[in-house]
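Here's the structure we're looking at; comments come further down.
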Amino acid sequence: MIRHIVRKEFMDVVRDGRFRWCAALIGALLLVSLGTGWVQARNAQKELAAAQATARDHWESQGEKNPHSAAHYGVYAFKPRLALSFVDEGVDSYAGTSVFLEAHRQNDFLLRPAQDATPAQRFGALTAAQVLQHLVPLLIILLTFGALAGERERGTLRQLLATGVGRLELALGKALGVAAALALLLVPAALVGAAAIVIGSPGPATSPIVRGAVLTGVYLVYFATFIGLSLAVSARAPSARTALVILLAIWVVNGLVAPRVAVDLSKWLYPTPSAVEFTQTLGSEMASGVDGIERPDRAASTQELLDQYNLEKVEDLPINAIGVFLQKSEEFGNQIYDRNYGSLWSTFERQGYVHEALAVTAPLLAVRTLSMGLAGTDVEQHRHFAAAAEDYRRVLVERLNRELTENSRTGEVYLAAADLWSQMPPFQYDAPTMAWVLQNRALSLLVLGLWLAGAFVAVVAAVRRAEVA
Amino acid sequence: MGTMTTKTILINEWRLLAADRILRIVLPLFVVLFAYALANGMSWVRFQEHTVQVVRDGNVERTDALERELIAIENGSEPSSPFRDPRAANVMGGARGARSVALEPGPLTALAVGQSDLLPYYYDVSINTNETTFLQNGEVENPLNLMVGRFDLAFVAVYLLPLLVLALSFNVLSGEREQGTLALTLSQPVSARRIVATKLAFRALLVMAVAIGVSVLGILITGSLGSSEPSGRALLWCAALTIYALFWFSLTAWVNSLGRSSAWNATVLVGAWLVLVVVLPAAINIAAGLFHPLPSRVEMITAQREASNDAVSRRSELLARYLEDHPELAGGAVADESNRAALAWAATEAVNQRLEEVSAQHQIRREEQSELVRRYRFLSPALLVQEMLIDAAGTGDARFARFQSQVREFADQWRSFFVPAILAGEKMSAEVLPSIPRFQFVDESLGDVTRRSAVPLSTLTILVGLVSVGAWVGLGRVRGAG
Amino acid sequence: METGPESRMNNESEVATADATQKHAAAADGTSTPVLEARSLSKRYGELEAVAGLDLRVDPTEIYCLLGPNGAGKTTTIHLFLGFLEPTSGSVHVMGMDVADEPLKSKNHLAYIPEQVMLYRNLSGLENLAYFSALGGKESLSTERLSEILVEAGLQPEAVHSRVSEYSKGMRQKVGNAIAIAKEADALLLDEPTSGLDPQASNEFSELLERLKERGVAVLMATHDLFRAKESGSRIGIMRYGRLVAEMTTDEIGHADLERIYLDHMHE
């Protein structure tokens with residue numbers, strides 16, 4: 001029985017001129033956005049990889065130099081574009097692409113591409129994720145708003161139910177029919193996406209195919225939710241027109257209103273400091289320490305060393321006291337940075353949770369979080385990279401201070417050999433695994449699951465109680 | 001009989017709309033959305049004003065500290081640190097005496113946050129200021145929040161206002177036909193043109209009353225209506241808002257004049273909204289990035305690196321470099337003070353020049369891209385209006401660029417004040433403090449803003465005119481109810 | 001107002017009657033222009049000729065009934081008089097004005113009751129009447145007067161202020177009648193006015209027509225209803241394939257004759 005309903009529904013949809021137009025348009029947008037996204041991600045990644053190599057080159061060709069001067073000379077780290085970033089650009093444009101790693105300082109990420117763009121940028125870019133999150137649900141609404149309300153208005157619903165078909169069977173048949181029509185559009189896009197990863201991955205990633213598969217799954221759940229909601233509204237609305245109006249209102253709230261309300265709510269609940277205040281706090285804590293984090297004293301540090309070696313004069317120390325002191329200052333600074341940046345990042349994290357929690361009003365928020373997460377373009381993974389770069393900075397500076405400490409004496413002008421720099425390990429970044437991503441995004445997974453279950457319950461309840469005439 | 005008929009239709013419309021349940025929900029909902037957006041914008045303005053105050057207080061504190069120490073030194077005390085001696089020109093003009101310059105929030109920021117959450121609105125100017133200074137980030141902000149954007153009046157106006165217009169008027173004529181009242185109406189001495197025009201005018205008044213009412217309220221509350229400039233900006237804002245709403249009204253009139261069903265009208269109009277407001281701007285962004293890629297700033301970092309390497313090697317003075325980084329660690333090895341500062345300045349100057357070259361090239365390519373995007377924006381009224389709105393609000397690119405270029409000039413002044421002293425090894429005193437250059441932002445005049453908005457505004461006006469003429473002609477063909 | 005005082009009728013019925021008598025006299029001596037006139041009127045839709053060379057005139061106090069099967073061109077003729085359609089050739093005149101030249105002015109002289117009177121459902125009958133009357137140039141009618149007209153048209157007084165969404169089809173039709181009465185037009189165009197009405201409502205409608213006739217109104221009525229046509233009409237035209245195949249005054253025929261004549265023409 002269901003087979004016939006699915007077949008009829010599928011034929012009905014596919015023969016509908018409006019569907020053909022919309023599907024052709026959305027399908028084209030999807031393919032174009034995948035293609036352009038891929039090209040752009042690939043170009044960006046090439047450039048970043050080249051810049052990273054040049055940065056290493058600069059580092060290695062410093063020649064004879066004092067190790068601490070080298071630490072000041074520093075090195076740049078560039079955030080790579082990950083393989084799936086061509087599907088969802090995420091916050092990449094707004095998060096900065098490069099950070100300068102140097103002695104004493106943890107620097108901000110600079111070069112947000114958005115800063116160089118025109119205000120048009122704020123309308124968002126046409127990425128595959130945007131098409132999937134905004135346009136496909138609209139297509140679903142157009143396909144399903146009249147599914148039951150329209151049949152009732154035309155009087156065909158009575159006829160249908162008179163044939164003995166169950167209400168739930170009917171709803172399921174319609175859902176599957178719409179799904180089959182959507183598949184005409186989505187399957188080619190998914191294949192193109194998969195081919196893009198297999199043939200020429202635009203950037204590094206862990207298990208891109210599995211990530212892609214999970215990403216596909218997430219979007220399918222999202223679409224299923226929309227099909228369910230649309231059918232439920234169509235079953236209960238007094239007329240097809242009312243159903244359409246209600247569904248369009250849901251679409252506007254889901255795609256336009258809720259995301260921006262989430263921004264304001266998150267800022268209101270977890271305010272971020274202004275940049276100037278942040279810098280001021282950092283500066284004053286660096287100058288005089290805070291909360292038991294004490295600024296090391298050079299004289300005390302030297303005295304400590306002399307005591308340790310049982311010596312009187314600094315010149316007699318077998319090591320460079322300045323190197324030891326530099327490392328102490330470094331560790332002090334690290335604690336201050338951890339404190340301040342740590343609290344800033346956790347504010348961002350909490351703001352992210354507000355966006356995720358508000359997904360109970362708009363499934364888009366959950367899908368967007370998961371999509372950016374799987375594509376590796378969310379704030380958390382930006383933080384992951386920032387943390388990796390900062391760890392590298394600390395290891396590098398520590399190693400350089402050790403070089404200074406162990407190979408020279410206090411007051412001596414020491415120049416390290418030119419081959420020292422290439423002995424330092426280069427910066428290697430390993431993007432987080434998918435398990436790490438999904439663990440962090442458990443809330444969104446849960447809310448999305450709830451939406452699917454809710455849509456299912458709604459459609460069952462609505463179809464059972466739907467009026468026939 | 002003209003005015004009487006118009007009045008009759010207006011009264012009837014009022015009765016009809018007042019009796020319509022959907023309208024009773026939609027209109028108050030929009031009032032709420034507008035008010036919420038305004039409250040949001042206002043809290044952002046307060047945040048920015050506070051920040052600007054903090055920045056300015058910092059200036060006062062730094063100058064006071066310098067002055068105290070200089071006077072103390074004149075009275076015989078020692079400098080707090082020999083390396084931070086305020087009498088040295090490279091200290092007074094360097095980080096210690098740096099002047100923070102801030103851009104006041106745009107006059108109508110409460111209405112449109114625009115680019116003000118993304119672009120820096122304060123910089124520290126010192127002798128170390130160079131092109132990399134302008135690479136810094138703006139306000140501390142969660143990238144996710146930047147990506148999504150704010151719920152401000154500009155958002156409500158650009159995205160949601162058209163939906164209100166469509167909801168109110170998609171069936172302004174088709175509805176009459178479908179409910180059968182058109183036959184009776186047209187049997188009276190009144191034309192379809194007048195009916196549609198009056199009905200739309202009435203709705204436009206309702207919509208504009210809400211939109212402009214809330215805008216003016218916001219301007220009054222934030223108190224930026226004081227001088228003549230902001231009220232001129234307010235006029236521009238209202239003009240942009242009005243022409244945008246009129247565009248959507250004329251579009252509904254035209255679609256209605258085609259004589260199709262209400263369902264068809266709704267589909268076409270929502271489709272038009274989707275294409276013009278959502279799809280086209282996003283597609284233009286992608287196209288701009290693809291066809292006119294912007295050289296990334298990554299290049300600039302590399303150039304900076306190479307320039308400073310070069311400068312350093314030309315100096316072939318690794319020791320000086322080392323001393324410059326850590327003079328306190330050099331112990332007895334301190335070289336001649338003024339000579340060292342002069343040497344360091346020579347290197348800095350070389351790097352700065354190279355950076356300016358790279359930056360100028362980048363700027364040229366950036367402007368090329370912007371120019372193309374600016375040309376594309378004529379494809380979508382939403383893009384045109386968004387830019388006009390934030391420009392009128394003073395939160396658009398132009399005002400920030402103006403600020404940046406004035407800061408550049410100020411940094412030049414700053415350098416020409418301190419560098420000769422650095423090179424000559426002059427000692428500074430407290431008397432110098434009042435003569436240090438001061439920054440005064442010269443805001444753009446209303447004329448500048450108006451000139452920039454002139455082309456988009458007249459383009460939209462022409463567009464509205466053309467669509468209206470189309471609608472007028474189409475409605476002229478509507479005779480009967482068939 | 002373009003309409004001169006002499007062509008507008010006063011509310012006072014005595015004056016109206018006097019006015020009507022004048023008009024009647026004028027019509028009888030053949031010097032006056034007819035209220036409604038079609039001259040060699042044709043309307044084609046592609047191959048289909050909906051109205052073909054129709055000549056027709058209706059004078060004051062005359063009730064002209066257009067009889068004919070579905071698709072004979074009756075409704076098209078009425079729509080041509082209203083300017084809802086443009087003639088392919090020929091012309092329609094209202095009070096001597098060519099409707100094509102004066103599409104709006106001519107409507108000042110016309111009242112129209114469609115087959116299905118559809119009104120604003122969220123407004124009351126009174127509000128609907130007020131609106132349409134005002135559009136027709138009667139802005140100054142008081143609420144009391146409008147209520148009287150509604151009751152005169154047969155609406156129960158207690159229904160005057162209820163929303164139209166609660167009205168039956170017959171009640172809506174009565175509001176339609178009221179709109180026509182209130183306009184005090186020179187001509188009344190009726191499209192199947194009695195279809196779907198019960199016999200009593202139908203009877204009331206005939207009485208209304210009689211009153212309007214006494215006020216000097218010229219009525220053009222498209223109908224299937226031979227009985228009503230014979231009962232109320234003063235002249236009868238039979239249409240088929242867009243042509244007037246027969247024209248007669250009701251004085252010339254008995255009821256039985258009309259049916260025979262009609263059927264004869266249909267079987268030609």
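So you know, we letter chains A, B, ... as the sequences are listed, proteins then strands, and number each from 1.
L82(C) contributes atom CG, which lies 12.0 Å from atom CZ of R479(B) (distance to the nearest 0.5 angstrom). For the atom pair CD of Q179(B) and CE of M118(C), the computed distance is 7.5 Å after rounding to the nearest 0.5 Å. Atom CG of residue N128(C) and atom OG1 of residue T181(B) lie 8.5 Å apart, to the nearest 0.5 angstrom. Taking CZ from F132(C) and OG1 from T185(B), the interatomic distance works out to 4.0 Å, rounded to the nearest 0.5 Å.
Within 6.0 Å of CZ on R15(B) lie more than 12 heavy atoms contributed by other residues, nucleotides or ligands. With a 6.0 Å radius and a threshold of 12 heavy atoms from other residues, nucleotides or ligands, W254(B) has its CH2 atom at or below the threshold. No more than 12 heavy-atom neighbours from other residues, nucleotides or ligands sit within 6.0 angstrom of OH on Y241(C).
For the pair L110(C) and S187(B), the minimum side-chain heavy-atom distance is 4.5 Å or more. Considering only heavy atoms from C-beta on, Y120(C) comes within 4.5 Å of E176(B) through its side chain. Under the 4.5 Å side-chain criterion, counting only non-hydrogen atoms from C-beta, L186(B) is not in contact with Y112(C).
Residue with the most contacts toward chain C among V478(B), I195(B), L184(B), I11(B): L184(B) (heavy-atom pairs, distance under 4.5 Å).
For E127(C), the parts lying under 4.5 angstrom from a heavy atom of chain B are both the backbone and the side chain. In this structure, chain B has a heavy atom under 4.5 Å from the side chain of L123(C), while its backbone stays farther away.
Residues satisfying the side-chain hydrogen bond (donor to acceptor under 3.5 Å, both in side chains) criterion with S91(C), sequence neighbours excluded, are H93(C). For S147(C), the side-chain hydrogen bond (donor to acceptor under 3.5 Å, both in side chains) test picks out no residue, with sequence neighbours left out.
When the heavy atoms of residues 154-182 of chain C are compared with those of chain B, the residues falling under 4.5 Å are R163(C), I179(C), listed by number.
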Listed pairs under 3.5 Å, donor-acceptor, residues 202-210 of chain B side chains, sequence neighbours left out:
residue : atom : partner : partner atom : Å
R203(B) : NE   : L168(B) : O            : 2.8
R203(B) : NH1  : E13(B)  : OE1          : 2.5
R203(B) : NH1  : K199(B) : O            : 3.3
R203(B) : NH2  : E13(B)  : OE1          : 3.2

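Taking all atoms of both residues into account, the shortest heavy-atom contact from K183(C) to P189(B) is NZ-CD, 3.6 Å.
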